[in-house]
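All chains are named by letter (A, B, ...) in the order of the sequence lines, taking the proteins before the strands, and each is independently numbered beginning at 1.
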Amino acid sequence: MKSATENVPSDGQFTLKVEDLWVTYLAERGKVKAVRGVSFTLRPGETLAFIGESGCGKTTLGLSLIRLLPSTAEVEKGHILYRRDTEVMDVLQMNDRELRQFRWKECAMIFQGAQNAFNPVLRIWAQVLDTARSHGVTNKKEIRQRMEDLFRLVQLEPERVLRAYPHQLSGGMRQRVLIALGLLLKPPLVILDEPTTALDILTQRSVIDVLRDIKEKMDFSLILISHDLSLAAELADRVATMYAGKLVEVANVWDTYYHPLHPYTVGLIHAVPTLAGEREELISIPGSPPDLIDPPKGCAFHPRCPYATEKCRTEEPPLIPVAQDHEVACWHWQQVQEDGGQRMMVYSEAKAG
Amino acid sequence: MTQHTNGVLELVHVERTFKVGRRFVRVLDDISFSIGKGDILCLVGESGCGKTTTGKIVAGLLPPTGGEIRFLGQNVWEMNKEEFRHYRRAVQIIHQDPYSSLNPTQRVSTILTAPLLRHGIARNHKEAKEKALELLRIVDLTPPEDFYNKYPHQLSGGQRQRVSVARALTVNPEFLVADEAVSMLDVSIRVSLLQMLERLRNQMGVAYLFITHDLAVAKYFAWEGRIAVMYLGRIVEIGPTPQIINNPRHPYTKALLSAIPEADPKATRSKERVHLRSLDVPSLLNVPSGCSFHPRCPLYEAGLCDATVPQLVDVGDGVQVACHVVAREQGVA
Ligand SMILES: Nc1ncnc2c1ncn2[C@@H]1O[C@H](COP(=O)(O)OP(=O)(O)O)[C@@H](O)[C@H]1O
Ligand SMILES: Nc1ncnc2c1ncn2[C@@H]1O[C@H](COP(=O)(O)OP(=O)(O)O)[C@@H](O)[C@H]1O
Ligand code: SF4
Ligand SMILES: [Mg+2]
Ligand SMILES: [Mg+2]
């Protein structure tokens, strides 16, 4: 087992540095504040996972990183600094040409549910060719050669799969086709949104194993977005927990799962049953995630939090470093540390009746 | 195989085929189990293995094309009208999608009082309202007055699913078929729904056919009950939950458990994997001969596994397994 920090230099190097990013959607009911002041650093070669329940802004964050937000969305503020070698560019300032170059060549994103978005009447090879050409690779032989190598890397038989129609492949195989395609131009940054969601267990396993394998063999930084805590547990070096459009905790994977300091992370981790051993007691977090049109003042988690005080209801806690590789946005993280999140467990029992 | 006679609800050699184009597809093949009062039976397996179809047959929404479903010893599809109505009331189903299973034009009040009045459980509107408020309290929608006049779209996914449960409870069922009932809910609210369902069992003796693709959820909910593992329309292993989870015997159950990613980085990264011979899931249009798992099975023996369909046999600890090799090694073949 590789340690989480082994391949993560913490010397301030970065592939991506996001600063105070705000994204809203214009909806009928009002402005949805989907991403509210998110800042983080993605280090070269690392896998950073974004976790949190549906609607907390993960996909919006991912889409804004490559500027593929729908037209109803607006980036109100922020910087997305991308670094290649010694050059640093703000993705938000790129012109059309630079942006085209950035997408795929620098950064590949595989969208949520994209495995179901293949053209049903075209063979995989035709779709691969289309995609490659639209990104400026025109030599058919070269594409074929590279795709065959990549397919083998993601455990697909090149001959068979390239000849197949999408419906002849399982969801997991199609997901692996997309991963291979994303790697065609060897981008230094890959973003995967819910890559295993809605796949069967054995198929999920094949996708996870493939991701782990290519991560070892190739050199790129990976952003994983998933509501499924097991995906981050499998693959992440660091984990960023999102709640109501904000990052509430960013920590190495071990701290996130074994010593979380934000009450929400505590709740989330203890809400998911595991398989080993006896049946364990689980937490349910009372209430439900807030409406992002009008998120709660102060700490957005306060209506559901047993540690909340008056301060939490009025002042927003900033994300601050509290230990090596561990940041948290909670006024009372020290209490959580002291009682090991115990108050969260008792509270959930009391509320559930 | 053992015949259960003490079950209140029994499937006996149930088969179900569907016509797809000009061909018949056998979606369920020789499914037998029984569920007694207050029991929990959990059906697990990958998508398409027949869990929902089994659930529909149990709830009387779909007749089997072979075999029988019996309620209190009587073949459901040979019942007279009155008996069938009683059975249909006793077995209620909760569906996966809380967004589509409630009528969006009806308020919670109507959703709950209509069946109460229709089935004569409440004699008048006042009584129906009282009963409906009590049901809302039972499913933890408190204070109930806050929810009584709401429309489904004014509720969160978890709250809607609670209303679905309350509606199922209007007719005092003995059985609930919960088909992926918590799968679409966020994890932070999933547990409280499971705890509520568990309380119904403890306090009201409700029995469950609990369907899920998530074995960790099955473990949590059915710890005191049983799990049946399905593969391509057949049950390959069935037994007490702790046995199935901690001591699986069938190679498919083993493969499944070893493959499941878990929310525990140390455990999930160091898990030993069972390697399958093939990742391809066979089509129901072309089910492999003999044991349908044989093309993928690590224990496969030519001439045995591809020749005859293995029957479920007792292998001890209350567990039954349908595997030629396991049965031989247990000395029960
Ligand atoms: N196209 C859109 N128009 C309006 N609101 C949207 C749109 N897409 C997402 N949202 C809202 O933005 C918030 C964040 O959504 P999303 O980024 O999809 O979250 P996640 O990926 O974590 O589930 C949610 O409240 C969602 O309803
Ligand atoms: N009405 C139907 N007509 C034809 N095929 C069906 C019908 N209902 C289900 N099936 C098929 O039966 C198989 C089992 O489906 P289902 O019971 O829904 O499985 P699960 O719930 O385990 O995912 C699937 O291959 C499905 O396509
Ligand atoms: S800041 Fe206050 S309300 Fe927010 S998580 Fe911490 S204790 Fe709870
Ligand atoms: Mg999303
Ligand atoms: Mg189903």
Do R279(A) and T241(B) have a side chain donor and acceptor closer than 3.5 Å? no
Which distance, rounded to the nearest 0.5 Å, do you find between the [atom1] of [X] and the [atom2] of [Y]?
| X | Y | atom1 | atom2 | value |
| --- | --- | --- | --- | --- |
| R190(B) | L282(A) | CZ | CG | 10.5 Å |
| S156(B) | D291(A) | OG | CG | 12.0 Å |
| D140(B) | S284(A) | CG | OG | 9.0 Å |
| L229(A) | T268(B) | CG | OG1 | 11.5 Å |

For [X] against [Y], the heavy-atom pair lying closest together:
| X | Y | answer |
| --- | --- | --- |
| I201(A) | E46(B) | N-OE2, 3.7 Å |
| Y257(A) | A263(B) | CD2-O, 3.3 Å |
| V217(B) | P273(A) | N-CG, 3.9 Å |
| L202(A) | A259(B) | CD2-CB, 3.5 Å |
| V187(B) | E53(A) | N-OE2, 4.0 Å |

Side chain, backbone, both or neither of [X] within contact of chain B (heavy atoms, under 4.5 Å):
| X | answer |
| --- | --- |
| E278(A) | both |
| Y258(A) | side chain |
| I208(A) | side chain |

Given that the side chain runs from C-beta out, which part of L257(B) has a heavy atom under 4.5 Å from chain A: side chain, backbone, both or neither? both
Is chain A contacted by the side chain of N246(B), its backbone, both, or neither, given a heavy-atom distance below 4.5 Å? side chain
Min side-chain heavy-atom separation L276(B)-R205(A) under 4.5 Å: no
How about I283(A) and V191(B): do any of their side-chain heavy atoms sit closer than 4.5 Å? no
Among I189(B), D264(B), I245(B), who wins on heavy-atom pairs under 4.5 Å with chain A? D264(B)
With chain A, the option among H213(B), K219(B), M196(B) that has the most non-hydrogen atom pairs under 4.5 Å is K219(B)
What residue, out of [options], has the most heavy-atom pairs lying under 4.5 Å from chain B?
| options | result |
| --- | --- |
| E234(A), H227(A), H270(A) | E234(A) |
| G287(A), G277(A), S170(A) | G277(A) |
| L169(A), L235(A), I269(A), T256(A) | L235(A) |

Any donor and acceptor pair, going by atom type alone, linking the side chain of Q204(A) with main-chain N or O of P261(B) inside 3.5 Å? no
Donor-acceptor contact present, side-chain R269(B) to main-chain A233(A), <3.5 Å: yes
